[in-house]
Amino acid sequence: MAEMLEILGENAFRVRAYENLSRIFGNLERGAPEMLASGELEKQKGVGESSIAKVKEYTESGKIRAHEELKAKLPEGMLDLLKIPGFGPKKARAVWENLGIASLHELEEAARSGRLEELPGFAQKTEANILAGIELVKKNKGRFLWADAMHIIEPALKALAGHPATVKLEIAGSLRRRKETVKDADLVVSSENPAATADAFIEGMSPERVTARGDTKVSVLMPAGMAVDIRIVPAEDFPYALHHFTGSKEHNVAMRSRAQKLNRKMNEYGLFSIGRDGEEKRVECGSEQEIFKALGLDYIPPELREDMGEIEAAERGELPSLIEDAEVLGAVHVHTEYSDGHDTVPEMGAAAKALGFSYLVVCDHSRSAYYAGGLQVRDVKRQWREIDALNAEGGGIRFFKGIECDILPDGSLDYDEAVLAGFDCVIASVHSAFTLDEPAQTARIIAAVRNRYVDVIGHLTGRLLLQRDGYAVDVEAVLAACAEHGVAVEINGNPNRLDLDWRWVKRAKELGVRVVLASDAHMKGTIVHTFAAVGAARKGWLEKKDVLNALSADSFLRALRRNA
DNA sequence: GCCGTTTTCGGCCCGACTGTTTTCAGTCG
Ligand SMILES: Nc1nc2c(ncn2[C@H]2C[C@H](O)[C@@H](COP(=O)(O)OP(=O)(O)OP(=O)(O)O)O2)c(=O)[nH]1
Ligand SMILES: [Mg+2]
Ligand SMILES: [Mg+2]
Ligand SMILES: [Zn+2]
């Protein structure tokens with residue numbers, strides 16, 4: 001609706017309210033009806049009467065009258081036009097009203113034939129840019145996994161970190177904020193020799209194309225289709241530039257309004273106090289910490305900068321002390337060669353130990369996961385004997401007998417009680433019947449939550465980032481059940497999953513649900529995915545006390561539901 | 001459409017770049 005209103009020339013601030021609402025739902029990662037029902041929605045900043053009424057209307061009837069009216073007014077294809085870079089709502093409206101153009105295809109034809117030049121404000125260059133832009137839309141790669149983006153920028157970090165001109169270097173943008181997917185990678189560097197830094201960056205990256213090349217900004221397009229932007233600034237500007245380019249946009253806007261109210265001005269070059277003659281004087285800050293301090297705020301970690309309440313919390317001194325990598329003591333949910341993993345139990349143990357973990361919870365697949373070599377009962381027993389033997393040896397890491405147990409379509413588990421009782425820890429997850437409707441899927445998972453042998457719910461929504469939505473499930477209801485029964489939820493650190501999503505993690509914490517940070521590693525090398533889960537946990541405002549596997553081995557065991 | 005330690009009405013972040021046009025609107029980050 002925001003885009004439709006924008007094309008129709010609606011007030012930009014009204015449009016912003018609709019965009020804000022869409023952002024709050026995390027582009028539907030969080031369901032609107034669920035947030036309305038739980039009362040969370042009305043508490044959100046920027047959500048007022050009119051928004052609530054529309055969500056209510058949608059919840060009750062599946063439709064919004066105002067939306068239906070907009071659809072009747074505006075041809076469907078119009079929204080596609082906005083995907084063209086440099087082609088916004090004003091141009092879209094102009095071609096639609098004056099030339100009747102209402103789709104990408106029609107716009108392309110008109111640009112080819114020169115018909116666009118009939119319009120005031122449209123000349124040859126605009127036309128050429130539109131054609132080039134349409135080509136870009138066609139081969140648009142969209143977004144990238146956080147982990148893939150990190151991998152792509154490695155050579156830039158290598159080339160610049162040790163470079164003599166480099167003063168400071170940081171990853172910025174959505175990558176620094178730990179968004180699960182990113183549109184591009186943003187870097188900020190302060191340099192004593194901008195030209196040399198630009199050269200080193202380009203040479204290090206070996207891009208497919210250099211799309212912008214100046215002494216303050218370089219953009220490259222990598223073969224994978226991802227853009228990498230780097231800002232090169234003088235050393236004194238670095239903290240302001242870093243804050244600006246870290247974003248998010250909404251956080252920046254909120255910070256700048258705050259500065260305004262304090263009779264200051266904030267941009268990427270500085271924070272300025274404004275004298276009564278209107279004269280601006282920079283408030284010198286040597287770090288982001290000092291910028292926040294100058295605005296009366298505690299330091300806000302990048303992961304929290306989404307304008308989701310972090311500024312208000314920083315003002316009150318109530319920001320969480322976010323969980324850190326080193327605080328996670330247990331490597332949880334690893335597969336071994338018993339099921340579809342690559343390495344042996346002791347090999348996984350040694351790798352976990354080398355990473356600094358003090359215990360390892362082995363969780364192979366259960367028997368119904370036949371495609372993944374799920375364990376028959378005799379294999380379970382064999383693995384238990386091996387684990388007992390390893391623990392008796394005492395190799396410097398403790399092994400726990402876990403399982404990733406399938407939740408069968410009827411909500412029952414994959415072994416009988418006698419077997420389930422023998423595990424130290426059961427992670428229950430869905431690997432089949434993804435297409436159950438929401439009530440059935442929700443009932444199925446809640447049945448597992450009620451099972452006294454279930455300690456953790458694994459990858460609760462089953463989403464695969466950029467590939468497949470989660471199954472239809474009322475996450476709020478499942479979390480409420482978890483809270484009631486003392487069951488934890490997993491953040492699965494597989495870069496394709498990061499499931500439970502951080503937006504829900506924040507909610508889980510509010511509901512009093514504890515969280516397990518899991519790697520779901522299928523080989524030694526991916527136990528580090530635990531730290532991807534840490535990233536999502538931080539983004540979900542979690543502290544050490546919210547995370548079960550930040551407890552020591554004994555305390556972890558005691559804290560599990562089965563031992564409550 | 002939302003909001004209130006100057007306000008219930010009148011504001012709403014700020015700057016760079018581009019293309020078109022004699023002074024700026026649109027788009028983007
Ligand atoms: N003040 C201000 N800053 C902005 C605005 N738009 C973007 N920025 C800043 C904050 C962003 O994090 C940063 C980089 O822009 P990007 O378009 O790359 O967005 P970001 O990296 O946050 O997300 P994405 O790349 O889409 O995954 O620039 C804006 O409208 N105002
Ligand atoms: Mg970005
Ligand atoms: Mg960018
Ligand atoms: Zn699984």
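We name chains A, B, ... by the order of the sequence lines, and we start the count at 1 in each one. Hydrogens, waters and symmetry mates are skipped; everything else that's a heavy atom, side chains included, is used.
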Quick test of your reading of the model: are [X] and [Y] salt-bridged, counting only N-O distances below 4.0 Å?
X      : Y      : answer
A/E34  : A/R507 : no
A/E135 : A/K139 : no
A/E288 : A/R305 : yes
A/R115 : A/E106 : no
A/E284 : A/R282 : yes
A/E543 : A/K509 : yes
A/E68  : A/R65  : no
A/K179 : A/E306 : no
A/R231 : A/E268 : no

Interatomic distance at [atom1], [N] relative to [M], whole Å:
N      : M      : atom1 : result
B/dT23 : B/dA16 : P     : 23 Å
B/dC14 : B/dT21 : P     : 31 Å
B/dG26 : B/dT20 : C1'   : 11 Å
B/dT7  : B/dC2  : P     : 22 Å
B/dG4  : B/dC13 : P     : 14 Å
B/dG1  : B/dT8  : C1'   : 15 Å

[N] OP1/OP2 closer than 4.0 Å to side-chain N/O of [X]:
X      : N      : answer
A/R256 : B/dC13 : no
A/Y269 : B/dA16 : yes
A/R16  : B/dC13 : yes
A/S257 : B/dC12 : no

Residues from [range] lying under 4.0 Å of DNA chain B - heavy atoms:
range                       : result
residues 277-300 of chain A : none
residues 80-88 of chain A   : A/I84, A/P85, A/G86, A/F87, A/G88
residues 242-255 of chain A : A/K249, A/V253

(request) Return the nucleotide paired to B/dT8: Watson-Crick means purine N1 to pyrimidine N3 with N6-O4 or O6-N4, wobble means G-U with N1-O2 and O6-N3, both under 3.5 Å. (result)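 Across all strands, not a single nucleotide pairs with B/dT8.
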(request) Pick base, sugar-phosphate or nothing for A/K217, based on heavy-atom distances below 4.0 Å to the nucleic acid. (result)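 Nothing: the residue A/K217, judged by heavy atoms under 4.0 Å, touches no strand.
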(message) Using a 4.0 Å heavy-atom cut-off, does A/V47 contact any base of the nucleic acid, only the sugar-phosphate backbone, or nothing at all?
(response)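 Result for A/V47 = sugar-phosphate.
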(request) Apply the side-chain hydrogen bond (donor to acceptor under 3.5 Å, both in side chains) test between A/R463 and each candidate in A/D469, A/D501, A/D499; give the one that qualifies. (result)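 When A/D469, A/D501, A/D499 are each tested with A/R463, the side-chain hydrogen bond (donor to acceptor under 3.5 Å, both in side chains) holds only for A/D501.
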Rounding to a whole Å, what distance do you find between [X]:[atom1] and [N]:[atom2]?
X      : N      : atom1 : atom2 : result
A/Y18  : B/dC2  : OH    : P     : 8 Å
A/R264 : B/dC13 : CZ    : P     : 19 Å
A/E268 : B/dC28 : CD    : C1'   : 12 Å
A/H67  : B/dG1  : NE2   : P     : 15 Å
A/E19  : B/dC28 : CD    : P     : 12 Å
A/Q260 : B/dG4  : CD    : P     : 15 Å
A/N263 : B/dT5  : CG    : P     : 17 Å
A/N267 : B/dC14 : CG    : P     : 8 Å

(request) Would you please say whether a donor-acceptor pair under 3.5 Å links the side chains of A/N492 and A/N494? (result)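 Distance-only check fails for A/N492 and A/N494.
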(request) Answer yes if the side chains of A/K261 and A/S257 hold a donor-acceptor pair under 3.5 Å, and no otherwise. (result)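 Their side chains do not contain a donor-acceptor pair, so the 3.5 Å distance test is not met.
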(message) Which residue is it: A/E3, A/M4, A/K54, A/R23? I am looking for the one with a side-chain contact (heavy atoms from CB on, under 4.5 Å) to A/Y18.
(response)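 Looking at A/E3, A/M4, A/K54, A/R23, the match for A/Y18 under the side-chain contact (heavy atoms from CB on, under 4.5 Å) is A/K54.
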(request) Tell me which nucleotide among B/dG1, B/dT27, B/dC12 gets nearest to the side chain of A/K90. (result)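 Shortest atom-to-atom distance from the side chain points to B/dT27.
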(request) Kindly point out which of B/dG1, B/dG15, B/dT27 is positioned nearest to the side chain of A/S51? (result)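 Taking heavy atoms from C-beta onward, the closest nucleotide is B/dG1.
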(message) Once ring-ring contact (aromatic ring centres under 6.0 Å, His included) is applied, do any residues pair with A/Y299, and if so which ones, sequence neighbours excluded?
(response)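 For A/Y299, the residues satisfying ring-ring contact (aromatic ring centres under 6.0 Å, His included) (neighbours in sequence not counted) are A/F292.
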(message) Nearest 0.5 angstrom please: A/M266 CE to A/Q260 CD, how far?
(response)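 Here the interatomic distance stands at 12.0 Å.
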(request) For A/A533, enumerate each residue passing the side chain to side chain contact (heavy atoms under 4.5 Å, CB included) test, keeping only those at least two apart in sequence or located in another chain. (result)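 If we apply the side chain to side chain contact (heavy atoms under 4.5 Å, CB included) test to A/A533, skipping adjacent residues, the hits are A/I491, A/L517.
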Which atom pairs link the protein and nucleotides 17-24 of chain B when you take only N or O atoms and keep those under 3.5 Å?
unit_1: B/dG19; atom_1: OP1; unit_2: A/N129; atom_2: ND2; d: 3.1
unit_1: B/dG19; atom_1: O3'; unit_2: A/T126; atom_2: OG1; d: 3.3
unit_1: B/dT20; atom_1: OP1; unit_2: A/A123; atom_2: N; d: 3.0
unit_1: B/dT20; atom_1: OP1; unit_2: A/T126; atom_2: N; d: 3.4
unit_1: B/dT20; atom_1: OP1; unit_2: A/T126; atom_2: OG1; d: 2.8

(message) Quick check: on DNA chain B, is the nucleotide nearest A/K261 upstream (toward 5') of the one nearest A/P89, or the reverse? Name the residue that is more 5'.
(response)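 This one resolves to A/K261.
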